[in-house]
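Below is one structure, written out as C-alpha cells; comments come after it.
Within every chain, numbering begins at 1; the chains are lettered A, B, ... in the order of the sequence lines, protein sequences first and strands thereafter.
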Amino acid sequence: MRKIELDFVGRSALGNPLGLLLMLVGLAAAAVSAMDAIDVTEAHADLQDRKLAALEGPRARRTTETTKTTARPEDVRALREAAAIAARLRTPWQRLFDDTAQAAGAGIALTGLQPDPTAHTVRIAGLARDLPAVNRFVGHLLEKPGFAGAYVVQHDTQPKDAEAPLAFVVLANWREDAR
Amino acid sequence: MRLNIGTTVRVGLAPAMVEVTAFDWRGRAVGSSRAAPEGAVGGWKGAAAGLRAQLAGGKWKAGSAEIVLSSHFVRYCLLPAELRAGKPAEQSTYVRHVFRAEYGEAVNGWRIATDEAANGPRLACAIEAALFEELAQICRASGVRLRSVLPYLTVCANAGRALIRAPAGWLVVLEGNLCIAALLEAGGWQHIARRRLAQVSGAAILDMLREQQVLLGGASPARHLYVSGAAREILRDTDTGGWTVEFLPAATPAPVA
C-alpha cells in the first residue's frame with residue numbers, strides 16, 4: 001500500500017528553512033569542489049605539456065636556431081618553460097627526498113616537495129601534530145649539507161584532523177651540488 | 001534563542017490521555033510521559049489543556065512537535081477519484097461540500113486535509129479549526145515548531161502498509177469504543193465508516209464489518225482484516241470465522257481514548 005500523505009499542517013513551498021540553508025551550503029561546497037577539480041585537471045594538463053616540451057627541447061632549440069629571425073614571443077616563453085622543466089628534471093630527486101624525509105622524522109607527514117632549480121629553493125608542504133614539531137623539522141633540515149636557510153612561510157590549523165591538525169609550508173634554500 | 005535541531009516530541013492526543021515522547025536526532029526515545037487531562041474530559045479542550053501543561057517550561061527541549069490525533073477528534077470522508085480537476089479554491093469548496101453533505105453546517109468551522117497523492121478515491125480528514133489553532137498556539141508558547149498534525153488512522157495505515165497486500169481488505173482501528181473501518185481495494189480507499197460500539201468486543205467489530213458489507217450491497221470480496229490500535233488485542237482472542245486477520249505493527253504514539 002502507498003504511504004498516505006495527509007497532514008493538517010500545510011507544507012510551505014520552501015519547506016524547512018534549515019533544510020534550505022543546508023542545501024545552499026551543500027551546493028556552494030559542491031561548486032567549490034568542482035572548481036578545484038577543474039584547476040587540478042588544467043594544472044595536470046599543463047604539466048604534461050611542459051614535460052613534452054622538455055623532452056623535445058633539443059629539437060625545439062634546433063628549430064629555433066634555424067628560424068631565429070621569425071621566433072614568436074609565445075615560442076620564446078615556451079622554450080623558457082621547457083628549460084625550467086628540464087632543469088627540474090635534472091634535480092637529484094633521490095637525495096632531496098632522502099634529506100627531507102630524514103629531517104621530517106615521525107611527527108611530520110610530507111605532502112609536497114617543489115624545488116626551484118633556478119632560485120635554488122625548495123618548497124616543502126606537510127602536516128604536523130603541532131608548531132613545535134614543525135620547528136624541530138626545520139632544525140633537522142638545516143643540519144643537512146644541502147640546506148642553508150629554512151623558514152615556515154605558512155601554517156594553518158585543521159581541527160578536523162586529530163592526528164595532524166597543522167598544515168604547513170616551509171621554504172628552504174637548497175644547493176643540489178652541496179654535499 | 002534556543003536551538004534544538006533534530007529533537008522532536010511526538011504527542012498522542014486523546015480525550016482521556018495525553019502521551020508525550022521525546023526523540024533525539026537519531027530517532028531514539030529519550031523520555032516520555034503520560035497524563036490524563038484534569039477537569040472536563042471528553043472534548044479536545046481538556047486534552048489540549050493537558051498538552052499545554054506537559055509542554056510547559058520547555059522541559060523536553062524540543063525543536064519540533066508531531067501530534068497524532070485520536071479519531072475522536074477527526075471526521076473522515078472519501079472524495080471520488082474523478083473530481084480532482086479545478087483550481088485549489090474550487091477543490092477546497094468541493095471538499096467542504098462533500099463534508100457538509102455528511103456532517104452538516106458544522107463543517108464551516110473545520111480544518112480539512114486531503115491525501116493529494118492518492119490515485120483513486122482520496123481520503124479527507126477534518127478537525128475543528130479551533131483545535132488546530134489551539135495546538136499551534138501551545139507549540140508557539142512552548143518554543144516548539146509544530147511540524148505535523150496527523151490522524152491516528154493514517155499513522156496506523158502507514159505503519160502497517162507493507163503488510164497490506166491483499167487485493168481487498170478492511171483496515172480496522174479501534175480506540176476505546178470508537179471503531180474506524182475502511183475498505184481498501186488495490187491499495188486504495190473505497191469506503192470508510194466511523195462507529196461507536198455499544199459493547200467493545202471482537203464480535204461487535206465483526207458485526208460492524210458485516211453491516212458495512214451489507215450497506216455496500218455485498219459487492220466487496222474482502223475477507224482480509226488489517227487490525228490496528230486496541231483492536232489488535234481484542235481480535236487476537238476472537239474466533240474470526242472466515243476472515244483472515246493480519247495484525248499491523250503498533251503505531252506510535254497511540255492516543256489512548
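When side chains are defined from C-beta on, B:D115 counts as touching A:R2, because their heavy atoms get closer than 4.5 Å. Inter-residue side-chain proximity for A:F8 and B:L135 is flagged as unmet; no heavy-atom pair is nearer than 4.5 Å. Within the 4.5 Å cutoff, the side chain of A:L6 has no heavy atoms near those of the B:L150 side chain.
Ranking B:L146, B:I127, B:L123, B:I112 against chain A, the residue ahead of the rest is B:I127, based on heavy-atom pairs under 4.5 Å. Contact count against chain A (heavy-atom pairs under 4.5 Å) is highest for B:C125 among B:A124, B:C125, B:A186. Here B:R161 is the residue among B:R111, B:R161, B:R165 with the most heavy-atom pairs under 4.5 Å with chain A.
Closest of all the heavy-atom pairs between A:I4 and B:N158 is N-OD1, 2.7 Å. The two atoms that bring A:D7 and B:S148 nearest to each other are OD2-OG, 2.7 Å, heavy atoms only.
Distance check: B:L163 CG to A:M1 CE gives 12.0 Å after rounding to the nearest 0.5 Å.
With a 4.5 angstrom heavy-atom cutoff, B:A126 touches chain A only via backbone atoms.
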